[in-house]
4 protein chains.
Amino acid sequence: MSKAAITTDSVYSMNENEYHKTTFTRIPPDKQQRILDAAIQEFAGKGYNAASINVIARNAGISIGSMYSYFASKEDLFMSVMDSGHNLLEQALKEVVDMPGDLYERMDKMIEVSQRYAMENHQLNQIYIEISTEGLSHLARRISLKMESMTAAIYHRLIDEAKAAGLVSMNLDTRALSFFLDNLVMMVQFSYASDYYRERLKVYAGDNSYNDPASLRTELMKFIRNGLLPRA
Amino acid sequence: MSKAAITTDSVYSMNENEYHKTTFTRIPPDKQQRILDAAIQEFAGKGYNAASINVIARNAGISIGSMYSYFASKEDLFMSVMDSGHNLLEQALKEVVDMPGDLYERMDKMIEVSQRYAMENHQLNQIYIEISTEGLSHLARRISLKMESMTAAIYHRLIDEAKAAGLVSMNLDTRALSFFLDNLVMMVQFSYASDYYRERLKVYAGDNSYNDPASLRTELMKFIRNGLLPRA
Amino acid sequence: MSKAAITTDSVYSMNENEYHKTTFTRIPPDKQQRILDAAIQEFAGKGYNAASINVIARNAGISIGSMYSYFASKEDLFMSVMDSGHNLLEQALKEVVDMPGDLYERMDKMIEVSQRYAMENHQLNQIYIEISTEGLSHLARRISLKMESMTAAIYHRLIDEAKAAGLVSMNLDTRALSFFLDNLVMMVQFSYASDYYRERLKVYAGDNSYNDPASLRTELMKFIRNGLLPRA
Amino acid sequence: MSKAAITTDSVYSMNENEYHKTTFTRIPPDKQQRILDAAIQEFAGKGYNAASINVIARNAGISIGSMYSYFASKEDLFMSVMDSGHNLLEQALKEVVDMPGDLYERMDKMIEVSQRYAMENHQLNQIYIEISTEGLSHLARRISLKMESMTAAIYHRLIDEAKAAGLVSMNLDTRALSFFLDNLVMMVQFSYASDYYRERLKVYAGDNSYNDPASLRTELMKFIRNGLLPRA
DNA sequence: TATGAATGAGATTTCATTCAT
DNA sequence: CATGAATGAAATCTCATTCAT
């Protein structure tokens, strides 16, 4: 899954992040959430540069002075939003990681989770899309690719296990494969989160591909299974 | 291919677009290009919002007044850049469209062209990535998904032909398949254009996956062929 | 001496000043000093306007709320700092006032004391320099020129005594002379306290003029003696 | 003379300074002056930090945007003001440099010029006073002590010539002497420019010392002559 | 009394766009 | 046509001060 995925254990929690001042941790959780929600909405809707902290503060019902007592800068606020998203994503992926089953069963679950997560948190996903933009590379560098590294490791392990069990053709390169699989999942995720990618999905796969996520998932699993299973 | 693709004929050409004033067509082509190049560089490097058209004008060696005599607004300049990119992409894809061969041979060529195009025009590609962002959806809507529609149509035709020839399993949905295939190609393209996606590629598929595009292409083709060919 | 000088008796003491609330007198003296020290450091380093009382409070280890329970405003805190400085200066000058000797012996001592005081309390001196600034005239007016008045009176008396004793030429105006003498002492004091005036001293009198205060004092005394003694 | 003085040739001219953008040189001189005047007034009245560029722009009758098209920053505007002041001062001192006469005649002229310059340009002088403040040391460093270096060199030469002519006692150190003389002139200058130092002058030398500059000058010259002339 | 979260006016700076020359 | 000076709304961020706990 694009920005995170099959992780083994929660490695990241809001208390450990370094992007907000300690003041922020001392205010009521619902107020914290209200602020992050306002920020997510503004960042997702307008993009990092066009987003206005004043608007975020106003929508969150706090003063601009308070905003700056919680976050040292616009960048830090943005990073905190990213972090909170990572946490959510991690939790969403817990069920994939913790489930029993082989590569295919897990891939199926992962697609389902991705779709659901994208629909429920489409604004957060829109922010993920923007972070990959060149103009935000300085921010991307700050979060680095921690999540991706973790996800990739999981893919590598699952694929190797599947190979050992005769479930994946030996002549496919594990690493390249992990890249392709995550690409497929990530694009599904994007397609359920962003307006642009949703339209694109409809153009390619038809209008009801969006409205009937289950059957898109079925089709993707057919393609993947076909692509991986050894041929006689 | 993501942003454009197997097109049969040039449908789009700079003269037909509606995003620049007629004055722009009256200046020498090399001056036109200098302006577009400066715009591409600025938009790609800083993102739409952070880009400054004053800077673009300066780098292009023209006055800001002239800039506004060619383009009515920042938006229009951006749209013109997008259009010129589409033209380039179209030309790049000509060789895929015009070649003989079945689906697999064409997919192979398409991946190769995508990689090359991404490397040669990475700034343009970075702009493509940004356009899919929510904050730029009002611009994305303006160019709409004309290119994607065209590309999708080609995919659909090729896949159906391949099915008829017994080269693609009948139990795969044509439209869903076209979506997955373009996703795979698009992500490869992104990975060779943007810093962020390049790093991601390395995380998943290893450092030399980027330096050895040919073998990544080979791996992708193995996966696709496996995924599509009917099983005995 | 510029900002204070040959005073006979302590006229000014912290308890009498009007710039802090009574709560300030009730806290332990070392806490008082810690607060004033933090204020001196901040005001001296950044100047009145750029100084932040939030920073002062933090550095003093007290809350901003307490700060405002001790001092009604930034202005009052600043005035209190000035007052505490005056006290220090007064004590430093005690030894000049209380010593026996004629005008020349006292001037010599005064220069020595000024140099030492400037080096030991350079931050306080930097604040004195700033108070003379036009932007702070409303504050300067508040502390007025009490100290200067006192100092001037001493000068006048000493000079008149020296004239009576035949040690100073009768054709020099007492009041103008007191002004010139204090100017000379004050500039020496500034030159040992502020970065800017130190550099200026070096430019005029050479690098070791700063490192060898004793010989600068000797030279100044030669000049003064020459300038005041009656000619045959 | 404190911030400049007996210079031989104009070394500094507005066209050579580096603190404004070229745009500034292209606007009418009276507009340039209006802007500098507004800046001088604001900086002198409130001090560097408390001064507001918005206020300066408004008082100069230009937009804030124009302000920033002339000067890249508040700092640069300030530096430009300093430079224009240096130019004025230089011109004022031309008459001292160009005149015939020995050290004493020139010192007399210098005091007169300083007094006049201070009264005519008291706001500029107030800014000079502030630049020596510790909080503005980063600005002071930018202008360095060019002017002072030049002035000091002149003093050194004049004193040595006077010594050779038997007009100055040989047992006085040339460099230390130059420092003391400039201190005396500088303090007179300050006393006619700043509110604070004017009050101080009155406290020491009486109320009419300010209103009768000529006699203060006479007194100062008596003191200097006494202090320098060799004794029989 | 002590605390420190909250406030918001105001400061500096940027930049798309207009328009007189 | 070309130029680039002028504009001013709006953005980020600071900090003296208040006040509920």
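A note on names: the letters A, B, ... follow the listed sequences, proteins ahead of strands, and every chain is numbered from 1.
- B:Leu124 CG to B:Ile129 CD1: the interatomic distance, rounded to the nearest 0.5 Å, is 11.0 Å.
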Side chains of residues 38-50 of chain D: which donor-acceptor partners sit under 3.5 Å, not counting sequence neighbours?
{"unit_1": "D:Glu42", "atom_1": "OE2", "unit_2": "D:Lys46", "atom_2": "NZ", "d": "2.9"}
{"unit_1": "D:Glu42", "atom_1": "OE2", "unit_2": "D:Ser52", "atom_2": "N", "d": "3.0"}
{"unit_1": "D:Tyr48", "atom_1": "OH", "unit_2": "D:Glu75", "atom_2": "N", "d": "3.4"}

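- C:Arg58 comes within 4.0 angstrom of no nucleic acid atom, judged by non-hydrogen atoms across all strands.
- No contact: D:Ala50 has no heavy atom under 4.0 Å from any strand.
- For C:Ser66, no side-chain nitrogen or oxygen approaches OP1 or OP2 of E:dT1 to under 4.0 Å.
- Rounded to an integer number of Å, the gap from A:Lys21 NZ to E:dA6 P is 12 Å.
- Residue contacts for D:Lys31: at a heavy-atom cut-off of 4.0 Å it reaches the sugar-phosphate backbone alone, with no base atom in range.
- Across E:dT3, E:dT12, F:dA2, the shortest atom-to-atom separation from the side chain of B:Tyr70 is found for F:dA2.
- An OP1 or OP2 oxygen of F:dA2 is reached within less than 4.0 angstrom by a side-chain nitrogen or oxygen of B:Ser69.
- Side-chain atoms of B:Ile64 lie closest to E:dT18 of the nucleotides E:dT18, F:dT12, E:dA6.
- Here OG1 of C:Thr133 is found 11.5 Å from CG of D:Asp195. Values are rounded to the nearest 0.5 Å.
- In the region residues 39-49 of chain B, proximity to DNA chain E at under 4.0 angstrom, judged on heavy atoms, holds for none of the residues.
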Check against side chain to side chain donor-acceptor pair (under 3.5 Å), C:Thr25 and C:Thr22: CA-CA 5 Å; C:Thr25 60; C:Thr22 48; 5.7 Å; no
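- With hydrogens and angles ignored, no donor-acceptor pair closer than 3.5 Å exists between the side chain of A:Asn54 and the base of F:dA10.
- For the pair C:Asp30/C:Arg34, a side-chain contact is recorded, criterion being any heavy-atom separation below 4.5 Å from C-beta on.
- Every residue was checked against the side chain to side chain donor-acceptor pair (under 3.5 Å) condition with A:Ser69, not counting sequence neighbours, and none meets it.
- Separating the CD1 atom of D:Ile56 from the C1' atom of E:dT13 is a distance of 14 Å, rounded to the nearest angstrom.
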